[in-house]
Trainee: 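Please read through the structure below; I'll follow up with questions.
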Amino acid sequence: MRHHLILRVVSKMLIPFILLFGLYVQFHGDFGPGGGFQAGVIFAAAFILYALVFGDDQARKVIPDKALILLVPMGLLIYALTGFAGILLGGKFLDYDVLSSDPTQGQHLGILVIELGVGITVAAVMISIFRAYAGRTKAIDKEDW
Amino acid sequence: MNLIVPHLPVLQVAIPLIAAPICVLFTFGGHRKLAWLFTLSISWICLLIAGALLSRVVLETDISYAIGSWPPPFGIEYRVDPINAFVLLIISGVSAIALPFARLSVEKEIESDRHVLFYTCYLLCLTGLLGVTITGDAFNIFVFLEISSLSTYVLIATGVRQDRRALTAAYNYLILGTIGATFFVIGIGLLYMVTGTLNIADLAERLKPLSDNRVVHAGFAFIIIGTCLKLALFPMHAWLPNAYTYAPSLVTVFLAATSTKVSVYVLLRFLFTVFGPTYDFVNLTFEFVLLPLAIVAMFAGSVTAIFQTNVKRLFAYSSVAQLGYMMLGVSLCNIPGLMATILHIFNHALMKGALFMALGCVVYRLGAISLGSMKGLGRRMPWTMGALTLAGLSLIGVPGTVGFISKWHLILGTLESGYWPIAILIVGSSLLAVIYIWNIVEVAYLEKETSREQTLKEVPMTMLAPLWVLVILNFYFGIDTDLTTRVARNVAATFLGGG
Amino acid sequence: MSNQSALILAILIPLLGGIGISLLRRAPNLREACTLVSSLVLAFVVYSLLPKILSGATVSFTFKEILPDLALEFNVEPLGMVFACIASGLWIINSLYSIGYMRGNQEGNQTRFYIYFTIAISSSMGIAFAGNMFTLFIFYEILTLSTYPLVAHKQNSDAKSGARIYLGLLIGTSIGFQLVAIIWTYLITGTLDFTPAGILKGKIDPTLLPILLALYMFGIGKAALMPFHRWLPSAMVAPTPVSALLHAVAVVKAGVFTVLKVVIYIFGIEFLSETGASTWLIWVASFTVLAASIVAITKDNLKARLAYSTISQLSYIVLGAALANGLGILGGGLHIVTHAVGKITLFMCAGAIYVATHKTEISEMTGLGRKMPFTFAAFAIGSLSIIGLPPFAGTWSKWYLALAAANAEIWTVIGVYMLSSLLNVWYLLSIVAKGFFAPADELSDRVQPKIQEAPILCVLPPCLTALGCLALFFFAEHIVELLRPIAS
Amino acid sequence: MIEALISHYNYWLIIILMMLGLYVVVSRGNLVKKIVGLNIFQTSVFLLYISLSKVSGGTAPILTGKPESFSNPLPHVLILTAIVVGISTTALGLALVVRIRESYGTIEEDDILIAERSQDVSERNGGSA
């Protein structure tokens with residue numbers, strides 16, 4: 001789609017805002033509607049849009065495959081380690097109360113970290129799924145579609 | 001110790017869960033071989049935890065663990081009682097025994113660049129199965145069920161290197177499994193609609209005054225059908241034979257020994273803990289749905305097995321029949337019958353684990369497992385075929401093996417309910433097992449070998465040792481039945497008394 | 001050596017022997033020595049128990065409770081003692097004979113043969129000493145399975161189909177009927193222990209009693225009651241030592257031994273005779289006796305004829321049990337011994353003829369007796385003993401069985417005994433007569449000019465057992481003494 | 001009667017959707033269409049949960065300090081999880097379809113069955129020969 005000028009310009013303008021909105025949904029999730037799942041998908045949407053307009057190879061330069069493989073488990077690890085932190089600090093698994101001296105602040109902190117982990121994993125997984133399909137060599141002829 | 005012991009219930013699930021992403025990291029820096037070792041050690045840790053949990057619930061009392069310190073009816077509760085501690089032990093035990101066998105088998109059957117992801121999926125599957133078993137929250141069961149199922153579909157599809165039919169098998173399982181899980185979640189939703197709770201213990205309490213509510217009936221039906229699809233009760237077994245046949249050996253061993261058993265456990269949980277045989281509609285289900293289907297399953301599975309030429313598929317159909325035995329025990333709804341089911345969950349894991357592992361050894365050497373290719377194998381691979389024969393005897397239910405113990409209780413259960421024609425049917429279907437086992441024995445020992453098999457050697461020790469551990473357990477628990485019958489009796493009494 | 005350890009050793013020694021054999025598989029001489037040594041040690045151990053049992057002591061040993069109230073339990077009582085003595089004693093002679101036969105015939109897979117033989121003997125010991133029906137059933141099944149490789153030894157299509165029938169019938173009846181009967185018994189009585197007066201009395205509806213009895217009797221397929229007798233002729237594809245020891249002594253005797261045990265200790269003789277539940281069995285057994293004898297006459301294959309003769313003789317014992325009186329039990333127990341010694345002689349002779357001439361059909365054996373005098377003499381003695389003529393052992397058992405029938409005042413049964421003895425004369429002595437007196441077949445003489453006696457290890461054992469037939473006639477009183485406590 | 005139909009219109013819609021989805025899964029031979037059907041089926045369940053959590057007159061479950069009746073947030077959370085499960089299933093299913101297309105050259109169930117049956121037959125003959 002290299003020659004679709006309008007598309008390229010519009011998406012170049014849009015992508016930063018999509019990312020910003022993703023971050024908003026991510027970090028505002030504990031006060032209003034939002035959270036890691038939604039944010040992750042929005043975040044991934046930005047990268048997918050980029051890949052669609054500028055090509056898969058270009059997108060791979062932004063986030064290499066290796067980074068994705070690293071990011072997927074990273075989010076999960078953040079989640080699980082927060083859970084274990086609860087145990088280590090004397091509470092139960094995923095107990096946010098003990099994360100800080102004040103239980104309310106602990107809850108706040110806990111849910112932020114957890115959602116961050118979720119967001120990272122979801123975004124990385126969505127991009128991986130897209131890449132897994134888009135990156136496949138053409139096996140289907142034009143006529144077949 | 002204080003850091004570990006009170007948290008054992010959650011560690012049982014959290015350790016394999018966190019191990020899965022860590023395992024992915026082995027893709028970096030040429031540590032691929034370590035993935036297997038890592039998975040193995042995680043499995044053994046899980047086994048230790050399960051053992052500790054079981055000994056605690058058997059000797060002391062049930063354990064309840066509130067995730068995130070949210071008290072039970074509101075937060076997610078992990079609840080360990082003898083039945084699920086027992087199932088936990090089965091799952092982690094099979095995994096711990098199967099993994100030493102896995103190294104060579106996986107190297108042979110799966111491309112080397114996929115090993116790390118394969119073991120990651122395996123760990124996720126383990127997490128899911130353990131989670132389904134340990135959780136005390138109905139919706140959480142669904143989540144873990146899907147974790148295990150999704151990873152199972154992937155694991156089955158990795159068999160594509162051997163045979164492309166693994167793909168369609170995984171696809172069909174995906175469709176049917178998802179329908180089953182969705183039915184299950186509809187049922188949960190309907191129950192939630194009337195009770196407003198998802199905690200199993202709480203659900204049981206709140207359902208008591210609602211036995212005439214039609215939404216409850218619908219929810220019950222959805223849950224039963226959903227789990228029966230997952231546990232492959234005839235006629236909802238269509239996904240099972242191909243899935244077992246074309247999956248890699250390790251996956252078949254693990255799935256055959258654990259995944260359907262976990263679904264049986266879920267069914268037991270809902271039938272007895274949540275609803276209980278005091279409800280009329282539950283009793284009607286036993287008598288008019290589960291009992292006839294179980295009997296048909298026993299025969300349809302065994303008869304189909306007799307005509308199979310692919311030995312893996314043969315045992316897959318035999319699994320359908322064996323699930324019939326388990327469901328028969330459930331539907332009898334008396335102490336020996338339920339004991340038979342619970343014993344058979346354990347015993348069948350031992351015998352099918354051993355059988356599929358022996359077939360895994362055959363695949364390792366031959367690459368194929370049709371009856372025709374096994375001619376004269378008894379001489380070339382005496383230890384493998386010996387193990388196969390002995391585990392087959394256990395499947396038939398020869399006295400001194402675990403199969404006999406469960407069959408004994410099952411027959412006792414039918415006679416106690418006065419269904420003595422069914423007792424004869426049970427006996428008849430075990431005679432069918434004699435036929436298909438003996439088909440294999442005859443081919444392996446009495447047929448002349450073809451020239452191709454002349455150069456065959458026995459599989460390496462690392463594959464034989466786990467196989468024989470399982471075979472010996474088949475006999476050990478056939479003679480020393482203290483542990484198994486004690487747990488089974490305990491559970492059966494709670495289910496029937498507490499319901 | 002304490003009594004208990006003797007009991008355990010009796011079951012373990014053959015197994016240890018089996019392990020020894022598998023270790024010595026590369027050295028045939030040592031391997032066969034191992035078989036012989038373990039048979040000797042086993043006989044020594046078993047016979048060391050004999051004086052204690054004669055003095056009325058009991059030896060028991062409980063291993064492990066497998067199912068609630070059902071332990072793996074062993075208990076030595078007179079009937080089991082008799083069975084163990086006869087099986088272990090004849091194993092020595094049969095070991096000698098196996099060596100001669102297997103080498104003389106150059107059979108393959110000899111190690112496997114000897115190993116499974118030891119397992120079969122071990123499970124026979126388990127059956128003999130079982131303290132409850134449950135333990136007995138376990139060893140009964142092990143015996144079936146361990147003899148399967150022996151029956152299928154030749155691995156050709158004949159062996160395969162024969163072994164299939166063998167396994168199918170024995171497993172089928174035992175799981176299909178016997179197991180159901182056992183579980184039924186357990187359900188109504190809560191125990192399966194062998195108790196002298198039986199355990200069923202007063203616990204079961206008398207109208208159901210014949211059904212339960214039928215489940216047991218047809219379930220014990222090894223007793224070869226018609227119509228479940230087909231496995232025995234099929235099993236004749238096995239090498240002759242197997243037919244001789246297992247299918248004339250261990251397996252079939254395990255069957256009738258179980259029948260006696262069930263009748264005495266589960267049902268109780270008194271209870272059975274009071275209710276008359278076993279009347280139908282008298283007729284089924286009588287029919288089997290006569291029908292099998294008649295079939296035997298039609299068989300030209302020597303081993304097949306002997307197999308049908310065995311079926312007929314086994315039903316003598318079942319008949320003794322069905323009469324449900326002390327004399328019947330006594331006669332049955334005695335017949336286990338006398339028939340065992342007689343039949344093993346006949347089988348070993350058949351094997352010796354096969355080794356020497358490779359002949360299996362009776363019609364080809366004309367005049368052989370003059371070339372193989374020892375073999376045929378032993379055969380003649382064995383036949384006479386089975387027919388029941390003095391001075392051979394079979395006389396006594398038939399005597400007691402007939403007395404039992406008279407005691408029960410069922411005269412037809414005496415008629416059956418007499419008629420079948422006449423048929424015995426026909427189908428057994430005709431072979432002897434053919435061997436000694438018929439003119440030799442000249443054609444076969446020309447083809448195979450040098451027929452002579454089989455190797456010494458094949459001829460000596462039948463001669464020994466033939467002498468045993470003679471000796472038992474004079475020592476039968478001891479066996480009767482041993483058995484009398486259970487018959488009263 | 002009409003009253004019952006109208007007052008529970010959400011359930012009727014959900015049931016229709018559910019059956020439609022299930023029917024597509026069963027009746028279509030195209031593997032991708034099956035997955036679409038599966039998605040419709042799953043979505044109907046999501047709707048079931050969400051519609052049952054609605055409390056008439058309730059607000060969003062955000063604490064404002066004022067005593068208000070608010071809708072039950074729990075089903076939304078549950079369905080969030082279920083949606084994730086659904087996405088994973090769809091992704092995996094489609095991945096399998098891609099691989100099936102690569103090795104069988106078709107995504108029509110009938111053609112695949114024919115190919116598999118001939119494979120079965122050749123295996124059976126090869127095995128016994």
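First the proteins, then the strands, lettered A, B, ... as listed; each starts at 1.
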Trainee: Side chains of C:Leu143 and C:Lys222: does their closest heavy-atom pair fall under 4.5 Å?
Mentor: yes
Trainee: Need one label for B:Ile435: side chain, backbone, both or neither, based on atoms under 4.5 Å from any heavy atom in chain C.
Mentor: neither
Trainee: Does CZ in C:Arg31 sit with more than 12 non-hydrogen atoms of other residues, nucleotides or ligands closer than 6.0 Å?
Mentor: yes
Trainee: Against chain C, label B:Phe404 side chain, backbone, both or neither, depending on which of its atoms sit under 4.5 Å from a heavy atom there.
Mentor: side chain
Trainee: Pick one of side chain, backbone, both or neither for B:Leu412, based on which atoms fall under 4.5 Å of a heavy atom in chain C.
Mentor: both
Trainee: Please determine if B:Lys352 forms a cation-pi arrangement with B:Phe315, meaning its NZ or CZ atom is less than 6.0 Å from the six-membered ring centre and no more than 45° off the ring axis.
Mentor: no
Trainee: Could you look at C:Leu215 and say if it's the side chain, the backbone, both or neither that has a heavy atom under 4.5 Å from chain B?
Mentor: neither
Trainee: Would you say that more than 12 heavy atoms from the other residues, nucleotides or ligands in this model lie under 6.0 Å from the OH of C:Tyr265, or not?
Mentor: yes
Trainee: Yes or no on side-chain hydrogen bond (donor to acceptor under 3.5 Å, both in side chains) for C:Thr185 and C:Tyr216, after CA distance, side-chain angles and deciding distance?
Mentor: CA-CA 10 Å; C:Thr185 313; C:Tyr216 270 115; 2.8 Å; yes
Trainee: Could you tell me which portion of B:Trp408 (side chain, backbone, both or neither) has an atom closer than 4.5 angstrom to a non-hydrogen atom of chain C?
Mentor: both
Trainee: Report the option among B:Asp480, B:Val434, B:Leu446 that has the most heavy-atom pairs separated by less than 4.5 Å from atoms of chain C.
Mentor: B:Leu446
Trainee: Need one label for C:Phe177: side chain, backbone, both or neither, based on atoms under 4.5 Å from any heavy atom in chain B.
Mentor: neither
Trainee: Working note: C:Trp184 + C:Leu212, criterion side chain to side chain contact (heavy atoms under 4.5 Å, CB included); need CA distance, chi angles, decisive distance, verdict.
Mentor: CA-CA 8 Å; C:Trp184 189 0; C:Leu212 184 58; 3.5 Å; yes
Trainee: Please determine, among C:Thr144, C:Leu167, C:Leu72, the option with the most heavy-atom pairs under 4.5 Å with chain B.
Mentor: C:Leu167
Trainee: Quick one: which residues of residues 123-142 of chain C reach chain B at under 4.5 angstrom, heavy atoms only?
Mentor: C:Phe134, C:Phe137, C:Ile138, C:Glu141
Trainee: Find out whether C:Val251 and C:Trp231 are in side-chain contact, i.e. whether some heavy atom of one side chain is under 4.5 Å from a heavy atom of the other.
Mentor: yes
Trainee: Where on C:Ile183 is there a heavy atom nearer than 4.5 Å to chain B: the side chain, the backbone, both, or neither?
Mentor: both
Trainee: Are there residues of residues 145-153 of chain C whose heavy atoms fall under 4.5 Å of chain B's heavy atoms? If so, which?
Mentor: C:Leu145, C:Tyr148, C:Ala152
Trainee: Would C:Leu209 and C:Phe267 count as a side chain to side chain contact (heavy atoms under 4.5 Å, CB included) here? Give the steps.
Mentor: CA-CA 9 Å; C:Leu209 202 58; C:Phe267 285 85; 3.6 Å; yes
Trainee: Tell me, side chain or backbone of B:Arg486 under 4.5 Å from chain C's heavy atoms, or both, or neither?
Mentor: neither
